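First up is the structure itself, then whatever we jot down about it.
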Protein chains: 2
Amino acid sequence: MTASGQTPQSPDAAVSEARPATIYDVARMAGVSGQTVSRLLKGYQGIRPETRERVTEALEALDYRPNLTARSLTTGRSHRLGALTHEIDQVGPSRIAQGASAAAREAGYLLDIVTLDMTDRTSIDSALALVAKHDLAGVLALASTDEMTEALEATDFRVPAFIAAEADEDRSGAPSELSSTGLPALVDHLADLGHRSLVHIAGPSTWAAARNRARAYESAVARRGLQSVALVHGDWSAASGYAAIGQLGGTGGATAVVAANDQMALGAVRALTVRGLSVPGDVSVTGVDDIPEAAFFTPPLTTVRVDFAAQGRAAVAELLGRITGTQVPATPSLQSALVVRESTTRAPGA
Amino acid sequence: MTASGQTPQSPDAAVSEARPATIYDVARMAGVSGQTVSRLLKGYQGIRPETRERVTEALEALDYRPNLTARSLTTGRSHRLGALTHEIDQVGPSRIAQGASAAAREAGYLLDIVTLDMTDRTSIDSALALVAKHDLAGVLALASTDEMTEALEATDFRVPAFIAAEADEDRSGAPSELSSTGLPALVDHLADLGHRSLVHIAGPSTWAAARNRARAYESAVARRGLQSVALVHGDWSAASGYAAIGQLGGTGGATAVVAANDQMALGAVRALTVRGLSVPGDVSVTGVDDIPEAAFFTPPLTTVRVDFAAQGRAAVAELLGRITGTQVPATPSLQSALVVRESTTRAPGA
DNA sequence: ACAGCTCTTGTTATCGGTAACATCCCGTGC
DNA sequence: GCACGGGATGTTACCGATAACAAGAGCTGT
């Protein structure tokens, strides 16, 4: 079998109605009113067993499926959520989205993921307008950036809408696992290896995650009495990590490069290699995220593992809480863990 | 600003009704019937200019927004599509999904992307059931695998549903760009460099893309009179590429490894390096996809570029065609291009 | 001046459910 | 024997839009 297929015609289903059955079809078949069917479907208990049985049989015979459109028209609430994310090929965002999607599904919601091309204002607006039209129960922004904040605030969704907290921060604004534990552990690791001067390749300054990581880096550097030779901003891509090293003309004397994600770390490693520097012999390099490929880079990358899926799930849980008005169980702190591989070693001459 | 935000309360909108305005509110305000409003909204021309103006003003004053739920209840068609994909962190699928999503949006549709965990039968079923309930105008499977085919056929979506063609094949079953041009070009490249024995690390055999690539590889090898020493199946991940080399205990004498995607190529490179073989000195390695990181691997990877976004767009175009019954303009053949980098060089002793 | 049209706009029914209220039936208590 | 109460089910209206049909206004031709 190669490509396509036919519209499944429910080959074995005995009934093959042109139009799907409604509760009225079921009601007629069972000899009851539509309301009785509706009640049974909603789990109402006060139905006589024999009635219940007749209706249940009719439901099956007609292969009844509720029309969610009609239902949400009357009840006024839909079972769909919107998720906005940046148009970017990155493991992080896409895993967050996957986690969010799975969590939504488990709660009976469908998650509409809309990737926004942040470089094009009109495309953002039209995308948001489209989202605002499809009545969603709530909207979630999965990437915390200034552009996203702005876009979100400029749109009236008329439903709960908010930006998910990064792994780098929690709702209360208190530093999170990654900032308080993960990145400090990374810097400690380098300090323990004798590195005294570091360089940071940060993410775009409009990203909250980038700012948080940079801040955590800086405070850890200060705490350990190290020196931060430079802080360059990339755009999360390997190419930008490569460019960052070029821009610095090397490492500016630093013996270690701390990139804000694994891709930029990869680019940095490549740039250093091209310049004739050995990693980790001359310069140690670290990333953040622990993407699946990181273990297979040459050299395998020392990084900090981040649980993206949990982040997505937490965001959806929070959104659902806001929608239903129930209290959200405190999100368990997201775990991050230092993963030491071969891209870091003792500082030269240490 | 850290994490969250408030539900936007349309701070500047003069009107702040509890409930959104309906066409009837607008009609009353403009002194016309609801139908007139409905007509205007649908672009009906026969409306007196002064009436039109009054209605238009009312629409603005009340910040009217159509209720798509109600609309699709009457018209019977929704403006949402469903997309099924595998739960997998891979650039390919995620870019296909992005392209599909963008194309859908441009056509005024929202694309619900559902990632299926193919290892868990019950989760597939519940996910598909959820999708089938939310009335979608059509459903698209973005990953062509046996599991997906099976799952799709077992579900009665009652709307057009089909599996998107891989880049590797087209609808007519004829080999596509990648199979007819991209992969052969890759093998030619290796043959021209003097390689005579190759190894192929294929994707999972349940994936149509994996089978197509393997077939294209084999026929190109035959055509050039080369020898395929081994064909091992991985799961698209770098780890599986690494494992494949381990399983072979090296390359089995081959001087080049053709991996079915870039991640597996990365894993293979790493495994070869660990075994003391130099890439490309001893063994040349190639990938497929040209993920953004491929240019920054050590060594930079020779690969075949694939236009995933176009693939997603084409799939959506096809689906929309089936839904509306219009003919789909023949999908322009997807481009693929050989990208030569440093992971390939002349065969040792050639 | 009046039938016959066209142009605009209004009425009514309907999509498939659900909420609120109405009704029917039957056993109880006095 | 009859009012009463509660369980089971039916009726009616409504959610917000659209389709199909109806109707009033104004113009034309004879």
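Below, all heavy atoms of this structure are taken into account, side chains as well, without hydrogens, waters or symmetry copies. Below, chain A is the first sequence line, B the second, and so on; all start at residue 1. Everything numeric in this text was worked out from a predicted model, so none of it was measured.
I47(A) comes within 4.0 angstrom of sugar-phosphate atoms only, judged by non-hydrogen atoms across all strands, and of no base. Contact annotation for T51(A): backbone-only contact, meaning every heavy-atom pair under 4.0 Å involves sugar-phosphate atoms and none involves a base. Among the heavy atoms of the strands lying under 4.0 Å from Y44(B) is at least one base atom, whether or not backbone atoms are also near. No contact: R77(A) has no heavy atom under 4.0 Å from any strand. Across all strands shown, T69(A) has no heavy atoms under 4.0 Å from either base or sugar-phosphate atoms.
Of the candidate nucleotides dA20(D), dT18(C), dG16(C), dT18(C) has the atom lying nearest to any side-chain atom of K42(A). When distances are taken from the side chain of R71(A) to each of dG10(C), dG17(C), dA20(C), the shortest belongs to dG17(C). When distances run from any side-chain atom of T74(B) to the nucleotides dG10(D), dA20(D), dG16(D), the shortest one goes to dG16(D). Comparing atom distances between the T75(A) side chain and each of dG16(D), dG16(C), dT18(C) picks out dT18(C) as nearest. Comparing dG16(C), dG10(D), dT18(D) by their nearest atom to the side chain of R39(A) picks out dG10(D). Nearest to the side-chain atoms of I23(A) among the listed nucleotides dG17(C), dA17(D), dT9(C) stands dG17(C).
When the C1' atom of dC15(C) is taken as reference, atom CG of L73(A) falls 9 Å away, rounded to whole Å. Separating the CG atom of N67(B) from the C1' atom of dC15(C) is a distance of 13 Å, rounded to the nearest angstrom. One atom, CD of E50(B), and another, C1' of dC7(C), lie 13 Å apart when rounded to the nearest Å. For the pair L40(B) CG and dG10(C) P, the interatomic distance rounds to 12 Å; values are reported in whole Å. Atoms CD (Q35(A)) and P (dA19(C)) sit 8 Å apart, rounded to a whole Å. The NE2 atom of H79(A) sits 15 Å away from the P atom of dG17(C) (whole-angstrom rounding). Counting to the nearest Å, the P atom of dG16(D) and the CG atom of L41(B) are 15 Å from each other. Note: NE2 (H134(A)) to C1' (dG16(D)) measures 16 Å, nearest angstrom.
At the phosphate of dG17(C), OP1 or OP2 sits under 4.0 Å from a side-chain N or O atom of Y64(A). Taking 4.0 angstrom as the limit, R48(B) places none of its side-chain polar atoms (N or O) nearer than this to OP1 or OP2 of dC7(C). At dG10(C), one or more side-chain N or O atoms of S33(B) fall inside 4.0 Å of OP1 or OP2 (strictly under the cut-off). Residue T36(B) places at least one side-chain N or O closer than 4.0 Å to OP1 or OP2 of dG10(C).
Ionic pairing of R105(A) and D117(B) is not present here: no N-O contact between side-chain nitrogen and carboxylate oxygen is shorter than 4.0 angstrom. A salt bridge links E318(B) with R322(B): the distance from a Lys NZ or Arg NE/NH1/NH2 to an Asp or Glu carboxylate oxygen falls below 4.0 Å.
Both A70(B) and G34(B) sit near DNA chain C, but only G34(B) has its closest nucleotide nearer the 5' end. Comparing G46(A) and Y24(A), the nucleotide of DNA chain D nearest to each residue sits closer to the 5' end for G46(A).
Under 3.5 Å, the side chains of D125(A) and S123(A) contain no donor-acceptor pair of N or O atoms.
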Test H79(A) against S72(A) for side chain to side chain donor-acceptor pair (under 3.5 Å), laying out the working first. CA-CA 8 Å; H79(A) 275 68; S72(A) 55; over 6 Å; no
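In the displayed structure, R121(B) atom CZ is contacted under 6.0 Å by more than 12 heavy atoms of other residues, nucleotides or ligands.
Between V114(A) and S101(B), every side-chain heavy-atom pair lies at or beyond the 4.5 Å cut-off.
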